[in-house]
Amino acid sequence: MTQQTVKLARWVCLECHYIYDPAKGDKTQGIPPGVPFEDLPDTWRCPECKILKSKKGVFKRLDD
């Protein structure tokens, strides 16, 4: 069996262009490294512009 490394996708806030990087997490809100964007609570806000994650169409997945 081969072990694959899963690369977690980064997401960009379309309001202010902040990039959420799961490898870094978000220290401002106590999100440890390794948490995928999809697993952030709906109450999570962009650390830059404070817009809610749950707001439709604001965050876009970055394809590396």
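Looking at residues two or more places apart in sequence or on another chain, you find a side-chain contact (heavy atoms from CB on, under 4.5 Å) between Glu38 and Trp11, Pro36, Arg61. For the side-chain contact (heavy atoms from CB on, under 4.5 Å) test, residues two or more places apart in sequence or in another chain that qualify with Leu52 are Arg45, Ser54. Every residue meeting the side-chain contact (heavy atoms from CB on, under 4.5 Å) condition with Lys60, not counting sequence neighbours, appears here in chain and number order: Val12, Leu14.
Legend: side-chain hydrogen bond (donor to acceptor under 3.5 Å, both in side chains) pairs involving residues 20-30, not counting sequence neighbours, sorted by first then second residue: Asp26-Thr28, Asp26-Gln29, Asp26-Trp44.
Residue Ala9 comes nearest to Pro22 through the heavy atom pair O-CG, 3.1 Å, listed as atom of the first residue, atom of the second, then distance. Residues Ala23 and Pro33 come closest through the heavy atom pair O-CB, 3.2 Å. Taking all atoms of both residues into account, the shortest heavy-atom contact from Gly30 to Pro32 is O-CD, 3.4 Å.
Hydrophobic clustering (side-chain heavy atoms under 4.5 Å, transitive across Ile, Leu, Val, Met, Phe, Trp, Tyr) groups Ile31 together with Ile51.
Rounding to the nearest 0.5 Å places SG of Cys46 at 12.5 Å from NZ of Lys55. Distance check: Phe59 CZ to Arg10 CZ gives 14.5 Å after rounding to the nearest 0.5 Å.
The backbone N or O of Phe37 lies less than 3.5 Å from a partner atom in the side chain of Lys53, making a donor-acceptor pair.
With a 4.5 Å cut-off on side-chain heavy atoms, Pro47 and Tyr18 count as touching.
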